Structure formats: structure tokens, C-alpha cells
Protein chains: 2
Amino acid sequence: MDRASASSETPGPAAQAVVAKRGRGRPRKTLDERDDGNRRVELVRAAGSLFRRKGFAATSTRDIAAAVGMRSGSPFYHFKSKGALLFEVMRQGMEEACRKQAEALQKTEETTPDSRALLAVLIHNHFAILLSRGSDFIPVMLYEWRSLSAAQRKQIALIKDQYEAVWVPVLEGLHRSGQLRCEPKLARLLIFGALNWSAQWFDARRGASLADLAAAATDLFVAKGKAQ
Amino acid sequence: MDRASASSETPGPAAQAVVAKRGRGRPRKTLDERDDGNRRVELVRAAGSLFRRKGFAATSTRDIAAAVGMRSGSPFYHFKSKGALLFEVMRQGMEEACRKQAEALQKTEETTPDSRALLAVLIHNHFAILLSRGSDFIPVMLYEWRSLSAAQRKQIALIKDQYEAVWVPVLEGLHRSGQLRCEPKLARLLIFGALNWSAQWFDARRGASLADLAAAATDLFVAKGKAQ
DNA sequence: CCTACCGATCGGTAGG
DNA sequence: CCTACCGATCGGTAGG
């Protein structure tokens with residue numbers, strides 16, 4: 001995700017010269033042919049989208065290749081296997097989620113020490129990651145956890161645990177104050193289930209906004225009373 | 001699901017005579033060879049288990065055949081396609097879920113008109129269906145909805161809507177009384193997400209019982225106050 | 001990154 | 001319900 005969103009821009013003049021020289025192969029989507037990792041980013045994004053829509057097993061490496069304008073064998077120049085692509089979808093996704101979560105928390109911690117407001121921020125941020133267009137890694141993680149090898153699972157679990165650990169003290173605080181009427185560990189499992197399932201039904205084009213949804217979910221789980 | 005749980009019992013003497021006569025093929029798990037639909041039941045059960053564990057696309061019809069002691073082509077004598085098996089897993093599962101839900105409601109409606117107790121019953125019953133050993137259809141529905149054809153989806157949705165519709169008036173009652181602090185339609189989506197995800201983490205052999213879990217979830221979603 | 005290819009596996013069928 | 005089989009597709013590789 002290093003130079004992520006700049007991926008399919010027009011290339012510099014140097015790259016265009018390269019294209020002019022070796023005219024083999026059929027036209028690409030862009031003139032970009034630099035060997036600098038952009039294609040890796042594109043492949044991960046396309047794989048994430050396809051894995052989400054069709055599932056890991058039902059997605060062929062040919063589908064992924066076609067989605068980025070490559071021939072069938074070429075993804076294996078960038079990734080040693082289909083499974084390595086799946087792993088990278090999840091790893092990059094979770095790592096960015098951790099970064100965004102830390103960012104969101106930092107922004108509020110200065111102004112609001114209230115546990116309920118903190119949970120509201122965590123929930124809003126989670127929805128933002130989960131429901132933003134083009135972000136497919138959480139559904140892929142939910143659906144394709146079993147498609148990882150044991151070693152891959154262990155690595156992803158490490159990042160996931162880090163992401164989820166942040167929620168525990170917040171939920172514990174709300175439990176102590178009586179606003180959360182459920183054991184915090186169990187509450188976290190139930191809440192993540194509730195939030196993540198929204199990827200299946202939330203429609204950004206109609207109904208509530210993301211902020212409305214986050215507020216409603218917060219209201220459902222924790223009482224407003226007894227604010228710190 | 002007509003003669004469901006009687007599926008792998010010992011056959012009557014008539015069936016045994018049949019077995020003695022045509023001695024071809026290798027030994028089955030049981031002597032049962034009656035052509036009366038038992039094998040259909042076994043196939044659906046095995047398919048459900050495999051579809052849940054490995055996913056629809058990653059499960060071969062050979063896997064399913066092997067699980068019930070058949071040869072690779074034989075499932076197609078009972079079902080016209082792999083997709084028809086998936087459909088039957090979901091249809092039978094949802095139909096039994098509806099039956100059990102109606103049963104559970106009937107049992108309480110005489111004694112308890114309280115909305116909160118009603119929701120507690122719905123939640124407990126849902127956990128019982130979701131988490132009982134050998135019941136795989138809800139996870140399969142969650143994971144493999146996309147693997148259904150459009151026509152199949154429509155049929156399953158009909159039964160699913162029927163199952164979920166029961167929850168609406170109960171949630172509306174709790175919303176009116178102020179115990180549910182979230183719009184009922186949205187609450188239902190969030191609650192189902194929370195409940196269903198438990199299929200991934202609930203372990204019957206340790207931790208809370210099914211009843212404890214149901215009570216805790218109910219507490220999380222609806223306040224105890226203002227009964228009636 | 002493409003071409004050309006391989007062995008394996010898959011859903012499904014005919015014919016009994 | 002088995003045997004024997006088919007065409008299609010798949011993940012992955014060698015060699016450039």
C-alpha cells in the first residue's frame with residue numbers, strides 16, 4: 001500500500017520511451033509498464049475485489065490476470081501462488097486498518113476522555129474502513145479465513161489481535177460504569193459480528209449515512225446515561 | 001427432512017435380503033440399501049458439513065460422494081447438480097428453523113406476554129439452531145448465498161423473510177417501550193449479525209452454556225427496565 | 001511480463 | 001447406484 005492510490009496514473013516520459021521500443025503484446029489499459037511495484041498493487045486490489053465477489057476458490061488466477069490486463073501466467077511473476085495473493089490482501093488491509101484506527105483515536109483522545117465517545121469513534125472508524133468503496137479485505141477475511149495456511153493464519157491473527165485489543169479497555173470502562181450490560185470479552189465478539197455483517201446490507205446510495213449508522217449502532221450497544 | 005433423524009438406522013430384514021442378493025460394490029457403512037430417500041438425506045447432511053468447512057466451490061461432488069460411501073457419479077442420481085444440493089441444504093435447514101421457531105413461540109405465548117421475554121426466547125432458539133452440532137445450514141447460507149442462482153436465491157429468501165418477520169413486532173414493542181434504543185429494522189440487522197457470527201467462535205465444550213450466551217446477548221441489546 | 005504447455009481435478013453423463 | 005469416460009478449467013512452470 002506504499003504508493004497506493006497513484007497506481008494507474010499516466011507514466012513519466014521515460015516509461016513511455018520503453019513502451020515505444022518493445023512493441024510486443026496487446027494494448028494495456030494504460031501505458032504504464034514500469035517494473036516498480038505498481039502492478040503488485042493493482043493485482044492485490046483486483047484480487048481483493050474478486051475474492052470478495054466470487055470467493056477465493058471460485059476465482060481463477062486467470063480472472064485476476066484479466067482484471068489488470070495481464071496474461072494468465074503473469075501474476076506468478078509477482079506472487080508465488082494464489083494463496084500468497086490472498087494473504088497479501090488481508091495483510092495490507094489489516095495493517096492499514098490499524099494505522100487508521102490509531103489515527104482516529106489520537107485525534108479524539110486530546111479532547112474527549114469519555115469512554116462512550118471513544119467507542120463511538122471506534123465504531124465509526126470501523127464502519128468507514130468496512131464500508132468504503134474498494135475496501136474488500138474485511139469481508140474477504142471473514143469469508144476466506146479457512147483458505148489461509150496455518151502459518152498465514154497465525155500472521156494475520158497477530159495484526160487482527162492488535163486491532164481488536166484497542167477495544168477492550170474501552171468496553172471494560174463502559175462495563176464498569178454500567179452502560180454496557182454484558183461481559184466485555186463477549187460484548188466485543190457480538191459487536192464485531194453486528195458491525196461486520198453490515199458489509200452485506202449497507203447501501204451507501206440510499207438510507208442512512210455512515211455517521212448515522214455508527215451513531216445508531218452505538219446507541220444499541222451502550223446506554224447514554226452516567227456519562228463519566 | 002421427512003424421515004430425517006431415522007436415516008442411518010439398521011434396515012429391516014427385507015432390505016437385508018436385497019443386500020445378500022446383489023453382492024457387487026464394496027462394503028457400505030451400514031447395510032441399508034433401500035432406495036427410499038435415506039441416501040438423499042445423508043447426501044444433504046454431508047454436503048452441508050463439507051460446504052461449511054471447505055466452502056461450496058472448494059468442495060467437489062467426489063468429496064460428498066465419498067463422505068456417504070458412494071462413487072463419484074452417484075450423487076447425480078439423486079440430485080441433478082451440485083447447485084441443487086446446495087439449495088436443498090439451505091431449503092431444508094430454513095424450513096426446519098421456521099418450524100422450531102413457531103414451536104418455541106407457541107410454548108411461551110400462553111404464559112408470557114412480555115416483549116423482552118419473547119425476544120429472549122427468539123434469541124435462545126436462534127442460538128440453539130445455529131450452534132447445535134451437525135446444523136450447518138446457517139453458516140452455509142451466510143457464506144454461500146452468492147453461489148445460488150437468482151431463482152434459487154428468490155426461493156430461499158422467501159423462507160428466510162418468513163423467519164425474520166417474526167422478530168419485527170417484538171422489536172417494535174421494545175422500541176416503543178424504550179428498552180431498545182435503535183430503529184427496529186436496523187436493530188434486527190445488527191442483532192442477526194451479532195448472533196450469527198457466534199457460529200465462528202462459540203465452543204460448546206468450554207465457556208458459557210447456550211442459555212448463558214442467549215441471556216447475555218439479550219442483556220446487551222435490550223434494557224431490563226420498564227417491563228411491559 | 002508473454003507463450004506454450006503440463007498434470008490434476010472437476011462437474012456431469014451414458015449405459016447398464 | 002457403479003463404471004468408464006468426456007470436455008473444460010485450473011494452478012503453476014520453463015524458457016525466453
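Each chain gets a letter, A, B and so on, in the order its sequence line appears, and its residues count up from 1. Quick caveat, the model's predicted, so the values are computed rather than measured.
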Just jot down the side-chain contact (heavy atoms from CB on, under 4.5 Å) partners of B:Phe76, sequence neighbours excluded, or say none. B:Thr61

Among B:Gln92, B:Lys100, B:Arg99, find the residue that satisfies the side chain to side chain donor-acceptor pair (under 3.5 Å) test when tested with B:Glu96. B:Lys100

With 3.5 Å as the limit, what N/O pairs link the protein to nucleotides 11-14 of chain C?
| residue | atom | partner | partner atom | Å |
| --- | --- | --- | --- | --- |
| C:dG11 | OP1 | B:Thr59 | O | 3.2 |
| C:dG11 | OP1 | B:Lys82 | NZ | 2.7 |
| C:dG11 | OP2 | B:Thr61 | N | 2.8 |
| C:dG11 | OP2 | B:Thr61 | OG1 | 3.0 |
| C:dG11 | N7 | B:Arg62 | NH1 | 2.7 |
| C:dG11 | O6 | B:Arg62 | NH2 | 3.1 |
| C:dG12 | OP2 | B:Lys82 | N | 2.8 |

Would you call the rings of B:His126 and B:Tyr163 parallel, tilted or perpendicular if under 30° counts as parallel and over 60° as perpendicular? tilted

Close side-chain approach of B:Met90 and B:Phe137, heavy atoms under 4.5 Å: no

Calculate the interatomic distance between B:Arg71 atom CZ and C:dG16 atom C1'; express it in whole Å. 16 Å

Rounded off to whole Å, could you give me the CG-to-C1' distance for the A:Asp63 and D:dC10 pair? 11 Å

Donor-acceptor contact present, side-chain A:Thr218 to main-chain A:Ala120, <3.5 Å: no

Is A:Asp63 reaching over with its side chain to a backbone N or O of A:Ser60, donor-acceptor style, under 3.5 angstrom? yes

If you apply the rule salt bridge (Lys or Arg N to Asp or Glu O under 4.0 Å), what do you find for A:Glu42 with A:Arg39, and how did you get there? CA-CA 5 Å; A:Glu42 288 174 56; A:Arg39 307 314 304 271; 3.3 Å; yes

A:Leu220 side chain reached by B:Leu220 side chain, heavy atoms, under 4.5 Å: no

Dot-bracket notation for DNA chain C, counting Watson-Crick and G-U pairs under 3.5 Å, with | for partners on another strand: ||||||||||||||||

